[in-house]
There are 2 protein chains.
Amino acid sequence: MPGRELLTAPVEDYLKAIYTIGKGTGAAATNEIAQRLALAPASVSGMVRRLADQGLLAYERYHGVKLTESGRRAALRTLRRHRVIEAYLAEALGYPWDRVHEEAERLEHAASDELVDRMAATIGEPEVDPHGAPIPTKDGSVDETVYTSLADLIVGASGVVVRVAGEDPEMLRYLGELSILPGKRITVKSRAPYDGPITLGSGRHEMSIGPALAAHVLVAPLADRAGKHG
Amino acid sequence: MPGRELLTAPVEDYLKAIYTIGKGTGAAATNEIAQRLALAPASVSGMVRRLADQGLLAYERYHGVKLTESGRRAALRTLRRHRVIEAYLAEALGYPWDRVHEEAERLEHAASDELVDRMAATIGEPEVDPHGAPIPTKDGSVDETVYTSLADLIVGASGVVVRVAGEDPEMLRYLGELSILPGKRITVKSRAPYDGPITLGSGRHEMSIGPALAAHVLVAPLADRAGKHG
DNA sequence: GGACAAAGTTAGGACATACTAACTTCTTTC
DNA sequence: GAAAGAAGTTAGTATGTCCTAACTTTGTCC
Ligand SMILES: [Mn+2]
Ligand SMILES: [Mn+2]
Ligand SMILES: [Mn+2]
Ligand SMILES: [Mn+2]
């Protein structure tokens with residue numbers, strides 16, 4: 001096994017951020033990392049150099065960073081912890097889905113591999129977290145399927161919600177109230193022009209949401225085919 | 001509510017150490033704190049001054065420290081977290097009792113009050129951790145009963161094991177093998193002179209342990225009365 | 001009551017992480 | 001291809017925690 005748990009909490013969060021920005025293999029810009037971690041860009045420059053020295057990142061001054069293979073493995077390990085913990089909190093401890101993220105953001109750095117494995121086993125080796133995000137396996141593979149968002153479904157098309165992107169608790173609570181949750185089947189009934197509200201049907205309910213919110217709802221298209229609107 | 005979760009992990013560990021050394025209200029010596037936390041005494045001097053400045057400790061140079069009321073509350077909060085987590089790991093996740101401590105030592109700093117409360121509720125509001133140590137309540141009270149150790153029971157006396165003091169995994173595993181566990185009823189059969197082995201009876205089993213180990217096994221005396229040996 | 005050992009403190013430095021302010025490099029636009 | 005604005009970096013500083021080495025205080029013992 002490679003260099004064990006010598007990674008600090010900030011380092012793990014950097015790697016996770018870089019992973020999600022680069023979608024696994026792409027590059028991440030300094031400013032984007034800074035924004036995601038709520039840090040000053042100058043702080044990111046400094047840290048990124050250190051991580052590159054440790055062989056976790058490939059870094060070219062003024063040109064952003066990419067994860068190395070070792071950095072990617074570390075990022076996926078943290079991501080697995082994060083998502084297993086979220087799933088466990090929801091399943092085993094009755095946490096509401098809008099509050100699992102914050103808790104997991106801290107626990108992911110403190111939980112041992114053994115704990116995470118026991119959690120996963122206890123709730124039946126879940127494949128996704130409560131928001132529908134795929135849980136990396138222990139050997140570091142993840143489902144990288146790219147889904148369409150509700151904002152991109154054409155009028156008349158239906159889809160099953162597979163994932164809600166983003167972790168803002170207010171947003172999650174609102175979607176929960178609307179019952180827009182992973183597993184739900186939703187049809188786009190109409191779409192107002194000029195980025196206007198999108199009207200959705202789910203079961204016998206009908207509702208309207210803005211395109212910004214709709215963009216956070218990822219679906220697996222059904223029946224009809226999906227396409228860019230507008 | 002007073003100054004919320006602004007305490008760092010090292011600070012929480014200091015307060016916990018000072019609490020246990022002083023048994024809640026007594027003073028703790030610099031060297032003892034240093035030893036318990038595996039730090040250099042000089043490091044303790046520095047930290048202790050900062051904690052005193054924050055109002056968590058009463059500190060007189062060259063004369064050790066005591067927890068203030070606010071320090072005591074913080075210590076008990078961490079101790080509660082630690083012990084609830086240990087109990088939860090053992091009960092809900094099947095952790096062996098010799099491995100809960102290490103995990104709890106990290107999680108205690110990352111778990112929110114809500115998580116700890118949910119854990120406690122899920123396993124039925126336990127009153128002791130897997131080693132028999134009392135769990136402080138949310139409002140900061142603890143059972144401070146002082147128990148006799150097996151090393152102090154007179155020959156012929158019996159007791160029920162209420163607690164095993166210390167967290168060395170090897171020791172805990174060994175006691176587990178001997179089935180010397182909280183709840184077990186044990187009788188002192190004989191005691192060899194000059195700090196020699198103590199022979200114990202438990203059910204139909206008989207066994208012999210050294211006095212150093214026996215001192216870690218705390219019992220509630222039964223039937224016969226307890227007294228100093230020798 | 002003075003000497004010595006034990007206990008404790010200060011001094012000085014390291015390392016990780018963050019910040020602001022000032023500077024440099026890159027990219028876009030005409 | 002030069003200017004302007006965006007993006008990114010460096011310099012200098014702060015904070016928290018720890019270390020070792022050198023010093024001071026305390027308590028004990030003759
Ligand atoms: Mn999350
Ligand atoms: Mn985190
Ligand atoms: Mn413990
Ligand atoms: Mn701890």
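- Look at A:Arg81 and A:Glu12 and you find no salt bridge, because none of the NZ, NE, NH1 or NH2 atoms lies under 4.0 Å from a carboxylate O.
- The residue A:Thr30 sits close only to the backbone: its heavy atoms come under 4.0 Å of sugar-phosphate atoms, none of a base.
- Residues A:Lys16 and A:Glu105 are paired through a salt bridge, judged by an N-O separation under 4.0 Å between the basic side chain and the carboxylate.
- Within residues 46-53 of chain B, the residues that have a heavy atom under 4.0 Å from DNA chain D are, in order of number, B:Met47, B:Arg50.
- In this entry the distance linking CG of B:Leu39 with C1' of D:dT17 reads 9 Å, nearest Å.
- Between the CD atom of B:Glu12 and the P atom of D:dT17 there is a distance of 11 Å, rounded to whole Å.
- Contact footprint of chain B on DNA chain C: nucleotides with an atom under 4.0 Å from a non-hydrogen protein atom, first to last in 5' to 3' order, C:dA7 to C:dT10.
- Counting only residues at least two apart or in different chains, salt bridge (Lys or Arg N to Asp or Glu O under 4.0 Å) contacts with residues 18-46 of chain B are absent.
- Taken over five-pair windows at either terminus, the axes of the helix from C:dG1-D:dC30 to C:dC30-D:dG1 are inclined to one another by 10° (rounded to 10 degrees).
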Name the atoms and distances for all side-chain donor-acceptor pairs under 3.5 Å in residues 40-57 of chain B, with sequence neighbours left out.
none

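- For A:Arg80 and A:Asp117, the salt-bridge test passes: some basic side-chain N is under 4.0 Å from an acidic carboxylate O.
- Of the side-chain N and O atoms in B:Tyr14, one or more sit less than 4.0 angstrom from OP1 or OP2 of D:dC18.
- For the salt bridge (Lys or Arg N to Asp or Glu O under 4.0 Å) condition, the pairs that include at least one residue of residues 82-91 of chain A, sequence neighbours left out, are A:Arg83-A:Asp129.
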